[in-house]
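The sequence lines fix the lettering, A, B, ..., with proteins before strands; numbering per chain opens at 1.
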There are 2 protein chains.
Amino acid sequence: MEKLYEQSALRLLQAADEIRARLAGEFSAVHGISVNEFFVLLHLQRATKHRLPRVELAKRMHISASTITRMAAPMEKLGLIERHTDERDARLAFMVITDAGREKLSETRATFAKQAGYLFDDRWDEATLNQFSTVLHRLVSGSVSNLS
Amino acid sequence: MEKLYEQSALRLLQAADEIRARLAGEFSAVHGISVNEFFVLLHLQRATKHRLPRVELAKRMHISASTITRMAAPMEKLGLIERHTDERDARLAFMVITDAGREKLSETRATFAKQAGYLFDDRWDEATLNQFSTVLHRLVSGSVSNLS
DNA sequence: CCAATACGCTTGCATGTGCAAGCGTTATGC
DNA sequence: GCATAACGCTTGCACATGCAAGCGTATTGG
């Protein structure tokens with residue numbers, strides 16, 4: 001007999017894989033960015049002063065610092081983010097979302113919301129969905145990456 | 001105002017990232033396999049006759065056929081899976097889980113269940129968790145990859 | 001039948017990612 | 001103060017992965 005939470009964790013991973021695969025296709029085709037780039041913009045937008053040190057962003061996204069370094073370069077070239085230095089600590093290299101980045105994020109979030117709508121819409125009442133969201137929220141709270 | 005299903009989808013992706021990162025560490029350290037290799041074994045174990053053509057497995061895991069080809073080689077060397085051919089159709093190369101693969105899967109599932117327990121245990125009643133699992137299940141049903 | 005198409009699998013190439021080492025900067029302990 | 005450690009970031013390397021092309025096999029249409 002499979003434990004209920006084992007089953008839930010399995011389904012959660014599977015559902016995420018599927019959603020991520022769909023989003024990857026849409027984001028690439030429609031907006032020319034990756035799912036991870038979308039999350040970079042979202043984290044920056046929601047951070048205090050709309051900026052984060054690279055290491056902090058890496059922690060929140062569960063990826064390595066070197067990956068952040070390598071994602072930053074093309075995003076800077078596209079003008080989606082900028083690199084700011086800290087006056088007090090020369091080690092820090094803040095990533096800051098630009099106006100162009102905000103615009104791109106806004107467009108991409110519309111696509112995200114549309115896809116999320118396909119997934120959830122008209123299938124559950126608000127109470128059920130609220131509880132679902134709450135469970136998910138507690139799974140990640142305590143983590144550094146509370147985006148929501 | 002953020003839509004409820006948009007928020008839910010965001011949290012779902014974040015939760016999955018976090019769980020996957022934790023599992024990757026444990027699986028690698030304790031069992032010497034990757035999360036994807038774990039899923040290969042799980043899909044094979046649950047498939048009819050404990051075997052699947054490579055393309056079918058790729059679809060269920062949302063990864064490309066070439067990735068399956070490249071994951072298969074080391075797993076065969078470790079004796080976790082075997083390659084069987086189809087008598088009727090020489091194009092098919094079934095992947096079959098071996099006894100050693102079953103044993104490895106069993107050990108790894110124990111670790112998986114333990115980690116899932118850390119996530120969920122003692123925080124929600126069975127009804128809530130059941131509903132949570134049901135919502136997740138419907139998100140992926142209709143998909144080819146109904147593992148559960 | 002046979003040609004054309006579809007299918008399953010593999011391989012070359014390009015890209016994304018983590019780890020470990022290295023560099024420069026800041027903090028700590030004496 | 002100064003040596004040592006810790007920290008933030010980048011880079012070299014290895015590895016994982018997707019895409020497109022190629023190969024062999026089966027199916028389809030005439």
Quiz prompt | Of the listed nucleotides D:dA26, D:dG8, C:dC9, the one nearest the side chain of B:A90 | solution =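 Among the listed nucleotides, the one closest to the side chain of B:A90 is D:dA26.
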Exercise. Go through D:dG18, D:dC9, C:dT10 for me and flag the one nearest to the B:T69 side chain.
Key: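 The closest nucleotide is C:dT10.
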Salt bridge (charged side-chain N to carboxylate O under 4.0 Å, His left out) against [X], all qualifying residues, sequence neighbours excluded:
| X | value |
| --- | --- |
| A:R102 | A:D99 |
| A:R22 | A:E18 |
| B:E26 | B:K114 |
| A:D125 | none |

Would you find a donor on one side and an acceptor on the other, under 3.5 Å apart, between the side chain of [X] and the backbone of [Y]?
| X | Y | answer |
| --- | --- | --- |
| A:T128 | A:W124 | no |
| A:T67 | A:I63 | no |
| B:R11 | A:S133 | yes |

Self-check item: Which residues share a side chain to side chain donor-acceptor pair (under 3.5 Å) with B:T69, sequence neighbours left out
Solution: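 Scan of B:T69 (side chain to side chain donor-acceptor pair (under 3.5 Å), adjacent residues dropped) gives none.
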Self-check item: Other cluster members, B:V96 - Ile/Leu/Val/Met/Phe/Trp/Tyr, side-chain contacts below 4.5 Å
Solution: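 Joined to B:V96, directly or through intermediates: B:L92, B:F94.
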Rounded to whole angstrom units, what separation is found between the [atom1] atom of [X] and the [atom2] atom of [N]?
| X | N | atom1 | atom2 | result |
| --- | --- | --- | --- | --- |
| B:R20 | D:dA16 | CZ | P | 14 Å |
| B:K59 | D:dG18 | NZ | P | 15 Å |
| A:D17 | D:dG18 | CG | P | 11 Å |
| A:M75 | C:dG16 | CE | C1' | 15 Å |
| B:D89 | C:dA6 | CG | P | 17 Å |
| B:F94 | D:dT25 | CZ | C1' | 15 Å |
| A:E76 | D:dC9 | CD | P | 12 Å |
| A:I33 | C:dG16 | CD1 | C1' | 16 Å |

Exercise. Could I get the full list of side chain to side chain contact (heavy atoms under 4.5 Å, CB included) partners for B:A58, not counting sequence neighbours?
Key: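 Residues passing side chain to side chain contact (heavy atoms under 4.5 Å, CB included) with B:A58: B:I68.
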Self-check item: For A:E76, side chain to side chain contact (heavy atoms under 4.5 Å, CB included) partners two or more places apart
Solution: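 Partners of A:E76 under the side chain to side chain contact (heavy atoms under 4.5 Å, CB included) test: A:R54, A:A72, A:I81, A:R83.
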Quiz prompt | Residue pairs, two or more places apart or on separate chains, that pass side-chain hydrogen bond (donor to acceptor under 3.5 Å, both in side chains) and touch residues 88-98 of chain A | solution =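 For residues 88-98 of chain A, and leaving out neighbouring residues, the side-chain hydrogen bond (donor to acceptor under 3.5 Å, both in side chains) pairs sorted by first residue read A:D89-A:R91.
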Quiz item: Closer to the 5' end of DNA chain C via nearest nucleotide, is it A:M71 or A:E87?
Solution: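 It is A:M71, whose closest nucleotide lies nearer the 5' terminus.
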Self-check item: Touch class at under 4.0 angstrom, heavy-atom based, for A:I63 against every strand present
Solution: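 Result for A:I63 = sugar-phosphate.
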Please produce a list of atom pairs where a protein N or O lies less than 3.5 Å from an N or O of nucleotides 2-7 of chain D.
{"residue": "D:dC7", "atom": "O2", "partner": "A:R91", "partner atom": "NH1", "Å": "3.1"}

Write down the protein N/O and nucleotide N/O pairs, taken from nucleotides 19-21 of chain D, whose separation is under 3.5 Å; answer none if there are no such pairs.
{"residue": "D:dC19", "atom": "N4", "partner": "B:S66", "partner atom": "OG", "Å": "2.9"}

Practice problem: Measure the angle between the two terminal helix axes of the helix from C:dC1-D:dG30 to C:dC30-D:dG1, five base pairs each, and quote it to 10°. | Solution: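 Roughly 30° between the end axes, to the nearest 10°.
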Self-check item: Phosphate OP1/OP2 of D:dT10 contacted by A:R83 side-chain N/O (<4.0 Å)
Solution: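 So the side-chain polar atoms of A:R83 do come within 4.0 Å of the phosphate oxygens OP1 or OP2 of D:dT10, strictly under.
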